[in-house]
Amino acid sequence: MKHVPARALFIACLVACLLATCSVSAQTCRVLQFRAMPAPDSKSACVLANGKVLMRLRGDDVDGLLARADIVAGKLNVAAAAAVSAGDVATKRSRNETQIVIGNRSIVTVDRALARGSNSSHQGLAEAWAKNLKSAFTQRYITFSPHGKLTVPVGETRVIRWGGAVKAVDSAKTADDKVARVQIDEAEKKLEVRALTTGTTTLTVNALDCRHTIELDCRKWAARIPLSSELQISGGQTRTPSLVRAAESLARSAVQVAPHASMSIAEPLSVTDGYRIRVSASGDTS
């Protein structure tokens with residue numbers, strides 16, 4: 001047997017291990033989703049990605065902060081779907097505020113009031129948030145929209161789009177193909193989900209070493225409600241109690257309600273060119 005020096009053997013093993021590590025990391029990805037939620041202390045709002053807090057907005061108006069955080073999360077999800085990277089995250093400072101931008105789009109503006117809630121300067125807080133965002137975009141990722149749940153009317157098709165750094169999915173399958181089936185459209189980067197009957201099931205998508213599950217809720221329409229309907233009348237009185245009743249009657253005749261479902265009609269609201277009526281329907285349509 002040929003003798004191999006210990007040093008050479010060690011180097012060969014080290015190189016082999018490095019190659020194996022590079023091969024595994026090249027396939028590593030995760031599902032990335034940003035969302036907003038109130039903080040446990042009920043005094044601030046957070047923007048999270050995969051359970052990690054990236055931004056904490058503090059101030060006096062918690063509801064306003066939560067709405068703001070929700071807008072930020074939405075912008076981040078749009079950016080992620082477009083496959084941005086950590087290098088695309090930057091800050092732009094002015095005298096009274098600092099913006100976090102991704103590409104040419106502003107994600108959030110940190111002003112003095114927002115920074116004061118965190119006992120920081122607007123530049124310091126923005127830089128800290130930008131650092132957190134860069135860490136979220138560092139690893140290879142894939143996005144799905146919608147992310148967690150999809151309602152599909154029976155007999156119709158709804159779309160789930162994927163984005164991010166992963167160009168294609170390896171497989172997509174429903175747990176019960178009698179309830180719903182899925183087809184992959186690689187060119188458009190979307191999953192077409194068709195509901196076959198009422199029921200719930202799950203859709204599992206695999207891409208590299210990512211596995212993501214989306215809940216599917218397949219239902220029949222409770223009602224078919226047109227966006228508008230016209231009622232021709234004669235005479236000069238266009239705002240009378242009888243016309244209100246006529247508008248309600250028109251709404252009832254225009255809406256197609258499914259068996260065992262019920263319809264609710266709100267009070268007609270007078271607008272410039274007629275009446276606006278809020279119509280809703282619900283019930284067991286299984």
Side-chain angles (χ1 to χ4, degrees), residues 14-37 39 44-58 68-93 97-110 114-115 118 120-148 160-172 186 189-191 204-214:
L14 180 60
V15 170
C17 288
L18 287 174
L19 288 174
T21 301
C22 291
S23 175
V24 172
S25 61
Q27 295 298 309
T28 300
C29 85
R30 63 172 177 164
V31 178
L32 183 59
Q33 173 74 8
F34 297 92
R35 63 188 183 94
M37 66 174 292
S44 58
C46 300
V47 177
L48 305 88
N50 301 91
K52 180 181 178 181
V53 176
L54 305 178
M55 303 178 185
R56 190 183 298 274
L57 289 72
R58 294 182 171 90
R68 192 172 179 181
D70 192 56
I71 292 173
V72 172
K75 290 181 178 181
L76 289 171
N77 284 322
V78 171
V84 302
S85 64
D88 297 315
V89 181
T91 58
K92 289 185 177 181
R93 180 189 177 189
E97 62 187 28
T98 301
Q99 287 187 342
I100 298 177
V101 297
I102 296 180
N104 58 0
R105 184 178 189 187
S106 175
I107 300 300
V108 63
T109 299
V110 182
L114 194 59
S118 296
S120 177
S121 65
H122 58 82
Q123 182 183 13
L125 185 58
E127 293 289 350
W129 286 356
K131 181 179 179 181
N132 291 341
L133 288 180
K134 288 180 179 182
S135 68
F137 288 118
T138 297
Q139 188 178 336
R140 196 176 191 183
Y141 65 87
I142 187 171
T143 67
F144 294 95
S145 179
H147 178 262
I160 299 170
R161 297 191 179 274
W162 78 81
V166 178
K167 302 301 181 184
V169 299
D170 298 322
S171 65
E186 291 187 356
K189 298 178 70 172
K190 65 183 182 181
L191 306 171
T204 301
V205 188
N206 292 288
L208 299 180
D209 57 352
C210 290
R211 173 172 289 187
H212 183 60
T213 300
I214 298 173

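Values in this document were obtained by computation on a predicted structure and should not be read as measured data.
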- prompt: Do Arg68 and Leu114 touch side chain to side chain, with heavy atoms closer than 4.5 Å?
  reply: yes

- prompt: Which atom names give the shortest non-hydrogen contact between Ile100 and Ala126, and what distance separates them?
  reply: CD1-O, 3.6 Å

task: Identify, with sequence neighbours excluded, every residue that meets side chain to side chain contact (heavy atoms under 4.5 Å, CB included) alongside Val78.
output: Arg105

message: Testing the basics here: between Lys189 and Gly164, what is the closest heavy-atom pair and its distance to 0.1 Å?
response: NZ-O, 4.2 Å

task: Please round to the nearest 0.5 Å and tell me the distance separating atom CD of Gln123 and atom OG1 of Thr98.
output: 5.5 Å

task: Could you pull out the closest heavy-atom pair between Lys52 and Ser135, with the gap in Å?
output: NZ-OG, 3.9 Å

message: Please enumerate all residues that pass side-chain hydrogen bond (donor to acceptor under 3.5 Å, both in side chains) together with Asp170, with sequence neighbours excluded.
response: none

field: Non-hydrogen atoms of Met37 and Leu48 that approach each other most closely
entry: CG-CD1, 3.2 Å

task: Can you sort out the partners of Ala165 under side chain to side chain contact (heavy atoms under 4.5 Å, CB included), two or more places apart, ordered by chain and number?
output: Arg140

- prompt: Do you know which two heavy atoms are closest between Ala130 and Val89, and how far apart they sit?
  reply: O-CG1, 3.9 Å

- line: Residues passing the side chain to side chain contact (heavy atoms under 4.5 Å, CB included) test with Ala81, sequence neighbours excluded, are Thr143

message: List the residues meeting side-chain hydrogen bond (donor to acceptor under 3.5 Å, both in side chains) with Ser171, not counting sequence neighbours, and say none if there are none.
response: Asn206

statement: Between the CG atom in Asp209 and the CZ atom in Arg30, the distance rounded to the nearest 0.5 Å is 12.5 Å

message: Please find the pair of heavy atoms, one from Ala207 and one from Cys29, that lie closest to each other, and give the distance.
response: O-SG, 3.5 Å

query: How are the rings of His212 and Phe144 set to each other: parallel, tilted or perpendicular (split at 30° and 60°)?
result: parallel

message: Using modelled atom types and a 3.5 Å cut-off, is there a donor and acceptor pairing between side-chain atoms of Asn77 and backbone atoms of Gly74?
response: no

- line: Taken in chain and number order and not counting sequence neighbours, the residues that satisfy ring-ring contact (aromatic ring centres under 6.0 Å, His included) with Phe137 are Phe34, Tyr141

- prompt: How would you list, by chain and number, every residue that makes a salt bridge (Lys or Arg N to Asp or Glu O under 4.0 Å) with Lys92, sequence neighbours excluded?
  reply: none

- prompt: In Å and rounded to the nearest 0.5 Å, what is the CD to NE2 distance from Gln33 to His147?
  reply: 4.5 Å

query: Out of curiosity, Ile71 CD1 to Leu76 CG, how far, rounded to the nearest 0.5 Å?
result: 12.0 Å

message: Are the side chains of Trp129 and Leu57 in contact, using a 4.5 Å heavy-atom criterion?
response: yes

- prompt: Under 4.5 Å between any side-chain heavy atoms of Ile102 and Lys75, yes or no?
  reply: no

- prompt: So do Met55 and Leu125 actually touch side chain to side chain, heavy atoms under 4.5 Å?
  reply: no

statement: Applying side chain to side chain contact (heavy atoms under 4.5 Å, CB included) to Ser44 and not counting sequence neighbours gives Ala39, Asp41, Arg56, Arg58

message: Glu127: which residues meet the side-chain hydrogen bond (donor to acceptor under 3.5 Å, both in side chains) condition with it, sequence neighbours left out?
response: Thr91

- request: Just jot down the side-chain hydrogen bond (donor to acceptor under 3.5 Å, both in side chains) partners of Thr204, sequence neighbours excluded, or say none.
  value: none

